[in-house]
Amino acid sequence: MINEAKTVQKENVFLRVATIADVPALEVVMNRCYRNQEGWTNEAQLIGGIRTTQAELQNVINDAKQYLFVYPKTDTGLREGNETGEILACIGVQGQEIQSAEDDAKGADGIKAYIGMFAVHPDLQGQGIGDVVLNAAETFAMRHFSSEQAPCRLTMSILNHRPELLAYYQRRGYELTGESMPFPNDGNNGEPLREDLQLLTLEKRAQ
């Protein structure tokens, strides 16, 4: 139960790298945030089934090109406290090499940092916790992947039919690239509940 965490202060939010021991708790929070009709970020009316599996989470954690961060619950609410085994939020960053037409003109390779697996427990949504978590992931990506010759580009995908989520990211400086793809109907990340589901690509350039 996380009801007592409803008063979490943003300044107490911290992230650490996920480990295999976090997988069961990560599976719970990811599926609850994305597939239950709780909070404002869920996709329950657009996609049925599960969002992720323990096997998929293990693959992400074991992939050297991906970084999965978690905000663990502690008995004091502070970093120094003892972890309870619950995860309050998570976010992933994956580096992707790119070579765009613009980069060709400059003669420089670029790096994209894909932001995904972003979830905040429904009990904590609306308190600015997500802003802190996203900002931390963006800062990590820009420091880890950027260079003077090739600033990092932050990118992510969101579902269409989610205007409130699009507006949130646009306020954070993300812009639609015009690229999209049909939501994959392979059963790996849930079952689309409507035929016109698309994944829209957003991008934010490092300042």
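Being a predicted model, the structure only gives us computed values, none of them experimental. Below, each value reflects all heavy atoms present in this structure, side chains not excepted, and no hydrogens, waters or symmetry copies. Sequential numbering from 1 along the given sequence is applied to the chain's residues.
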- Query: Rounded to the nearest 0.5 Å, how far apart are CE of Met117 and CD of Glu56?
  - Reply: 5.5 Å
- Query: With distance as the sole test, does Asn82 use its side chain to make a donor-acceptor pair with the main-chain N or O of Asp75 at under 3.5 Å?
  - Reply: no
- Message: Checking the side chain of Arg205 only, and the main-chain atoms of Tyr174 only, is there a donor and an acceptor separated by less than 3.5 Å?
- Response: no
- Query: Are any side-chain N or O atoms of Ser146 and backbone N or O atoms of Cys152, one a donor and one an acceptor, separated by less than 3.5 Å?
  - Reply: yes
- Quick one: does Asn160's side chain have a donor or acceptor within less than 3.5 Å of a partner on Gln198's backbone? yes
- Which is it for Tyr71 and His121 under the side-chain hydrogen bond (donor to acceptor under 3.5 Å, both in side chains) test, yes or no, and what are the steps along the way? CA-CA 10 Å; Tyr71 169 33; His121 193 281; over 6 Å; no
- Glu83 with Lys73: basic N within carboxylate O range, under 4.0 Å: no
- Message: Looking at every non-hydrogen atom in both residues, tell me the closest pair between Ala21 and Pro24 and how far apart they are.
- Response: O-CD, 3.6 Å
- Check: Asn36 side chain, Glu38 main-chain N or O, donor-acceptor pair, under 3.5 Å: no
- Query: Heavy-atom count around Gln54 CD within 6.0 Å, excluding the residue itself: above 12?
  - Reply: yes
- Distance in Å, Arg162 CZ paired with Tyr169 OH, rounded so as to fall on 0.5 Å steps: 9.0 Å
- Message: Taking Trp40 as the starting point, is it possible to reach Ile129 by hopping between hydrophobic residues whose side chains are less than 4.5 Å apart?
- Response: yes
- Do the non-hydrogen side-chain atoms of His144 and Val93 ever get within less than 4.5 Å of each other? no
- Task: Could you grab the distance from atom CG of Asn12 to atom CD of Glu80, nearest 0.5 Å is fine?
- Result: 9.0 Å
- Query: In terms of hydrophobic clustering (I, L, V, M, F, W, Y; side-chain heavy atoms under 4.5 Å; direct or indirect links), are Ile115 and Leu176 co-clustered?
  - Reply: yes
- Under-4.0 Å salt bridge between Glu138 and Lys204: yes
- Kindly give the heavy-atom pair with the smallest separation between Arg16 and Pro72, and that separation in Å. NE-CG, 3.9 Å
- Task: May I ask whether Ile20 and Leu26 are part of the same hydrophobic cluster, defined by side-chain heavy atoms of I, L, V, M, F, W, Y residues being less than 4.5 angstrom apart, directly or through others?
- Result: yes
- Roughly how far, to the nearest 0.5 Å, is the CZ atom of Arg35 from the CZ atom of Arg51? 6.5 Å
- Are there more than 12 heavy atoms of other residues, nucleotides or ligands under 6.0 Å from atom CD of Glu11? yes
- Task: Answer yes when Lys10 and Asp131 have at least one side-chain N-carboxylate O distance shorter than 4.0 Å, and no when they do not.
- Result: no
- Message: Using the ring centroid of each side chain, check whether Phe69 and Phe140 are separated by less than 6.0 Å.
- Response: yes
- Approximate separation, where rounding is to 0.5 Å, of Ile158 CD1 and Thr41 OG1: 12.0 Å
- Query: What heavy-atom pair brings Cys90 and Val133 nearest, and what distance separates the two atoms?
  - Reply: O-CG1, 4.4 Å
- Query: Is there a donor-acceptor pair under 3.5 Å between the side chain of Asn31 and the backbone N or O of Thr52?
  - Reply: yes
- Is atom CD of Glu164 surrounded by more than 12 heavy atoms (other residues, nucleotides or ligands) closer than 6.0 Å? yes
- Roughly how far, to the nearest 0.5 Å, is CG of Leu166 from NE2 of His161? 12.5 Å
- Got a donor-acceptor contact below 3.5 angstrom from the Asp22 side chain to the Thr19 backbone? yes
- Give the other cluster members for Leu199, using side-chain heavy-atom distances under 4.5 Å between Ile, Leu, Val, Met, Phe, Trp and Tyr residues; answer none if it is isolated. Leu46, Ile47, Leu159, Met181, Phe183, Leu197
- Scan residues 18-37 for pairs that pass ring pair (Phe, Tyr, Trp, His ring centres under 6.0 Å), counting only residues two or more places apart or in two chains. none
- Query: Can you tell me if Glu27 and Thr53 form a side-chain donor-acceptor pair at under 3.5 Å?
  - Reply: no
- Minimum heavy-atom distance between Ile61 and Ala18, given as atom pair plus value: CG2-O, 3.9 Å
- Same apolar cluster: Val17 and Tyr67, side chain cutoff 4.5 Å: yes
- Item | Check: Val132 main-chain N/O paired with Asn135 side-chain donor or acceptor under 3.5 Å | no
- Item | Cationic N near anionic O, under 4.0 Å, Lys65 to Asp63 | no
- Task: Each residue besides Leu193 in its hydrophobic cluster should be listed here, by chain and number; the cluster joins Ile, Leu, Val, Met, Phe, Trp and Tyr at side-chain heavy-atom distances under 4.5 Å.
- Result: none
- Query: Is a donor on one side and an acceptor on the other found under 3.5 Å between the side chain of Glu203 and the backbone of Leu154?
  - Reply: no
- For residues Ala137 and Ile91, report the shortest heavy-atom separation together with the two atoms involved. CB-CD1, 3.6 Å
- Message: Tell me whether Tyr114 shares a hydrophobic cluster with Leu200, the cluster being built from Ile, Leu, Val, Met, Phe, Trp, Tyr side chains joined at under 4.5 Å.
- Response: no
